[in-house]
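Below: one structure, written as structure tokens.
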Amino acid sequence: MKNEVKVNDLDMKNNLVKKKKSLGQGMTEYIIIVALIAIAAIAVFRLFGDTARNQVAGMAMELSGQNGANAQQKAAKSATAAETDAKAVRNLSNYTGNN
């Protein structure tokens, strides 16, 4: 009877270890997904950050009753620059370290 109890205890411990490992694996996968989303968000913000900042500035100025045309023009220029930068072909033949 003592052997049966020991076997059951071992089975329970093994099941707990397996559950903890699978929970840890799930958490690791979520962390990796969040990290990839953060990297993508940083890249998008780097590309369109000035445009978004100027658009928000223009809207804030318009909401406060001021003229936001200057900020909107800056946003348009930033968007054009971002589009040009996005269309640029980047490969090892034109790599300068600043791409």
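- The heavy-atom pair separating A69 from E62 by the smallest distance is N-OE2, 4.1 Å.
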Item to check | Derivation of the side chain to side chain contact (heavy atoms under 4.5 Å, CB included) call for T80 and K77 | outcome: CA-CA 5 Å; T80 303; K77 287 179 185 176; 5.7 Å; no
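- Distance check: N70 CG to Q73 CD gives 6.0 Å after rounding to the nearest 0.5 Å.
- In this structure, A79 and T51 approach most closely via the heavy-atom pair N-OG1, 3.1 Å.
- Remark: side-chain polar atoms of Q66 are not paired, donor with acceptor, to backbone N or O of M61 under 3.5 angstrom.
- With rounding to the nearest 0.5 angstrom, the OG1 atom of T28 is 11.0 Å from the CD1 atom of I33.
- Taking CE of M59 as the start and CG of N54 as the end, the distance is 10.5 Å to the nearest 0.5 Å.
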